[in-house]
Enquirer: 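Below: one structure in structure tokens.
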Amino acid sequence: MKSSTERRLTTAIFGATGSIGKQTLSVVESLGARVDVLTAGSRDRELEDACRKFMPRIAALADESAANRLKLALADTDIKVFGGDEGVVCAAAEADADAAVMAISGMAACAPMIEASRSCRRICMANKEAIVAAGDHLLSKIKEGGAELIPVDSEHSAIFQSLSGGRREDVSKLILTASGGPFYGKKRSELEGITPKMALSHPTWDMGPKITVDSATLMNKGFEVIEAMRLFSVPADMIEVVIHRESIIHSMVQFRDNAIIAELGVPDMRTAIQYAMTYPERMNGCAGEVDWKALSKLTFGVPDTDAFPLLAFAFEAARRGGTYPAAMSAADEVAVGAFLSEKLGFTDIFDIVKETADIVGHPGQTSFEDIVSADAEARLRAAELIDSRA
Ligand code: NDP
Ligand code: MG
């Protein structure tokens, strides 16, 4: 059988102008892969640049007027341009790719992801909010669609890789590592005056603004706990979070004999993106090697859930199930947006997320429609709670 590089891997990149999207394009360039589809939200200039460089068959922007500008700008090419949310979904339906990288942030990824699972062979899943909110429904729709799903989030990629070290029935624990973010070691009272600028400087990973703030509050790690439960079908009490400041160990799997298998490397998302695209093959990587001489030690600690309560709350939301995770995720998106536009304090994010999820979330069996309406209601409630604080 020909290797995927010999066949020239074909990709479709959803969210191509974001942090994961751009890193995916860097991997595509290094692999010499073909690009069939490129989509984004509203940044038409950035998408135009990427289109000119990678010459996809189809491009789409969720924002209609940005899509109209892109159509004009690309009039000298054969690239088909779609606009609006339906345009992004159409691009997903028409995609013909070995690997569709799902790097749209938030719930907007749901519909294109379901379409791409019908049209493409594999979903390389970076998006986490949709998995947290609608996980089991979404995963079964992807399965129905016929695509295989490979995780891109570095922790889940590490677990996916480490699971091959033993039998599934012998797994006793998934151990997620967390850098602890820029405010690791601070007490709750010391977090009051944190500004967006301070929150946006992550010590080890270079990411988009929303996930960088989520890393600073540890909400991101909470989401990743639920993401791991969904992707690997394990209960919350089989997951442990360990602080590991250096982000060299990307996560681990413990087996019943207490042996642990881990995946290590420099903190560079391109390794996980590339692995998801080329699995089970491994190609030359674009990320650097670990410099063992420069690295004097690897450190570990326990998360401080008094200072960073959203991690413990995510475990609680996971146990309650139903629409709690969806309400928590939607409220967080609104609260982080308000924090970034300086309408909300850093520690107020904790309160808005918990209060909203307690009002909107319900345990028990849920349909996909229940999740979508809990998401919408949580956005309204969170905005009201934020306004009432102003
Ligand atoms: P960014 O905010 O940097 O990028 C988001 C992308 O989605 C952009 O291309 C944006 O387009 C597009 N987009 C936004 N809204 C819509 C919409 N309504 N319809 C279509 N496209 C839209 O995010 P990241 O790249 O950081 O993260 C992407 C996803 O991957 C998130 O779910 C995140 O949690 C997850 N993730 C990210 C990691 C990272 O290292 N960054 C690590 C692990 C997971 P535009 O630029 O035009 O707005
Ligand atoms: Mg991660």
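Remember, it's 1-based here, ligands and their atoms both numbered in the order they're listed.
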Enquirer: Give the atom numbers and elements of ligand 1 that come within less than 4.0 Å of a heavy atom of Gly208.
Expert: 3 (O), 26 (O), 41 (N)

Enquirer: Could you identify the single nearest non-hydrogen protein atom to atom 31 (C) of ligand 1 and state the distance to 0.1 Å?
Expert: Glu129 OE1, 3.7 Å

Enquirer: Looking only at heavy atoms, is any part of Thr17 under 4.0 Å from ligand 1, and if so is it the side chain, the backbone, or both, or is it neither?
Expert: both

Enquirer: Taking atom types as modelled and ignoring hydrogens, do the side chains of Ser157 and Gln161 form a donor-acceptor contact shorter than 3.5 angstrom?
Expert: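 Checked: Ser157/Gln161 side chains pair up, N/O donor to acceptor below 3.5 Å.
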
Enquirer: Listing request: all salt bridge (charged side-chain N to carboxylate O under 4.0 Å, His left out) pairs with a residue in residues 220-238, at least two apart in sequence or in separate chains.
Expert: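 For residues 220-238, and leaving out neighbouring residues, the salt bridge (charged side-chain N to carboxylate O under 4.0 Å, His left out) pairs sorted by first residue read Lys128-Glu224, Glu155-Lys221, Lys221-Glu224.
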
Enquirer: Identify the protein heavy atom lying closest to atom 17 (C) of ligand 1, giving its residue, its atom name and the separation to 0.1 Å.
Expert: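 Result: Ala108 CB, 3.7 Å.
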
Enquirer: Would you check if Arg270 and Ser26 make a side-chain contact, meaning some heavy-atom pair closer than 4.5 Å?
Expert: yes

Enquirer: From the Mg ion (ligand 2), how many protein N/O/S atoms are found at a distance short of 2.8 Å?
Expert: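 Near the Mg ion (ligand 2), the number of protein N, O or S atoms below 2.8 Å is 3.
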
Enquirer: Where does the angle between the aromatic ring planes of Phe160 and Tyr279 fall among parallel (under 30°), tilted (30 to 60°) and perpendicular (over 60°)?
Expert: perpendicular

Enquirer: Taking the ring of Phe183 and the ring of Phe308, is the distance between their centroids below 6.0 Å?
Expert: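 So the answer is no for these two rings.
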
Enquirer: Of the protein's non-hydrogen atoms, which lies at the shortest distance from atom 25 (O) of ligand 1, and what is that distance?
Expert: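 Nearest neighbour among protein heavy atoms for atom 25 (O) of ligand 1, to 0.1 Å: Ile20 N, 2.9 Å.
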
Enquirer: Using a 4.0 Å heavy-atom threshold (strictly under), name the region of Met207 that reaches ligand 1: side chain, backbone, both or neither.
Expert: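 Answer for Met207: both.
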
Enquirer: With a sphere of 6.0 Å drawn around CD of Glu169, does it hold more than 12 non-hydrogen atoms of other residues, nucleotides or ligands?
Expert: yes

Enquirer: In the protein, what heavy atom is nearest to atom 12 (C) of ligand 1, and what distance, to one decimal place, separates them?
Expert: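 The answer is Gly41 N, 3.8 Å.
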
Enquirer: Around Arg389, counting heavy atoms of other residues, nucleotides and ligands shown, do more than 12 lie under 6.0 Å from its CZ?
Expert: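 Enclosed: over 12 neighbouring heavy atoms sit under 6.0 Å from CZ of Arg389.
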
Enquirer: Starting from atom 43 (C) of ligand 1, which protein heavy atom do you reach first, and at what distance in Å?
Expert: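 Heavy-atom neighbour on the protein nearest atom 43 (C) of ligand 1: Asp153 OD1, 3.1 Å.
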
Enquirer: Ligand 1 and Asp85, any nitrogen or oxygen pair closer than 3.5 angstrom?
Expert: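 Between Asp85 and ligand 1 (N or O atoms, distance only) the closest approach is not under 3.5 Å.
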
Enquirer: Show the atoms of ligand 1 that are less than 4.0 angstrom away from any heavy atom in Ala16.
Expert: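 By the 4.0 Å cutoff, the relevant atoms are 9 (O).
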
Enquirer: At under 4.0 Å between heavy atoms, which part of Ser154 makes contact with ligand 1: side chain, backbone, both or neither?
Expert: neither

Enquirer: Within ligand 1, which atoms have a heavy atom of Met269 less than 4.0 Å away?
Expert: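 The atoms of ligand 1 under 4.0 Å from a heavy atom of Met269 are 40 (O), 42 (C).
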
Enquirer: Could you check which of Ser329, Gly87, Ala103 puts a non-hydrogen atom nearest to atom 6 (C) of ligand 1?
Expert: Ala103

Enquirer: Could you tell me the residue and atom name of the protein heavy atom closest to atom 42 (C) of ligand 1, and the distance to it rounded to 0.1 Å?
Expert: Ile211 CD1, 3.7 Å

Enquirer: Are more than 12 heavy atoms, taken from residues, nucleotides or ligands other than Arg256, located less than 6.0 Å from that residue's CZ atom?
Expert: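 Check fails, neighbour count at 12 or below.
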
Enquirer: Tell me whether Lys128 reaches ligand 1 (any heavy atom closer than 4.0 angstrom to a ligand atom).
Expert: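 Yes.
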
Enquirer: Report yes if the side chains of Thr356 and Asp332 come closer than 4.5 Å at any heavy-atom pair, otherwise no.
Expert: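 Side-chain contact under 4.5 Å: no.
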
Enquirer: Side chains of Asn68 and Glu64: is there a donor and an acceptor less than 3.5 Å apart?
Expert: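 Checked: Asn68/Glu64 side chains show no N/O donor-acceptor pair below 3.5 Å.
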
Enquirer: Short list, please: which atoms of ligand 1 are under 4.0 Å from a heavy atom of Gly18?
Expert: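 Atoms satisfying the 4.0 Å criterion: 1 (P), 3 (O), 4 (O), 8 (C), 9 (O), 25 (O).
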
Enquirer: Name the orientation class of the two ring planes belonging to His156 and Phe232 (parallel below 30°, tilted from 30 to 60°, perpendicular beyond 60°).
Expert: parallel

Enquirer: In this structure, are over 12 heavy atoms from other groups packed under 6.0 Å from Gln365 atom CD?
Expert: no

Enquirer: Measure the CE-CG distance between Met113 and Leu149 for me, rounded to the nearest 0.5 Å.
Expert: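 Answer for the CE-CG pair, Met113 versus Leu149, is 8.0 Å.
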
Enquirer: State, with a plain yes or no, whether a side-chain heavy atom of Ser42 is found less than 4.5 Å away from one of Leu61.
Expert: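 The answer is no, as the side chains (C-beta and beyond) never meet within the 4.5 Å cut-off.
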
Enquirer: For atom 35 (C) of ligand 1, find the nearest protein heavy atom and state the residue, atom name and distance (0.1 Å precision).
Expert: Ala126 O, 3.2 Å

Enquirer: For Phe339 and Pro196, which heavy atoms make the closest approach, and how far apart are they?
Expert: O-CG, 3.3 Å

Enquirer: Quick one: look at Ser105 and ligand 1, take heavy-atom pairs under 4.0 Å, and tell me if it's side chain, backbone, both or neither.
Expert: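 Ser105 to ligand 1: contacts from backbone and side chain alike.
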
Enquirer: Of all the non-hydrogen atoms in the protein, which one sits nearest to atom 19 (N) of ligand 1, and at what distance?
Expert: Ala62 CB, 3.4 Å

Enquirer: Near Asn284 CG, under 6.0 Å, is it more than 12 heavy atoms from other residues, nucleotides or ligands?
Expert: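 Open: at most 12 neighbouring heavy atoms sit under 6.0 Å from CG of Asn284.
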
Enquirer: Purely on distance, is any nitrogen or oxygen of Thr39 under 3.5 Å from one on ligand 1?
Expert: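 No; every N/O pair is 3.5 Å or more apart.
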
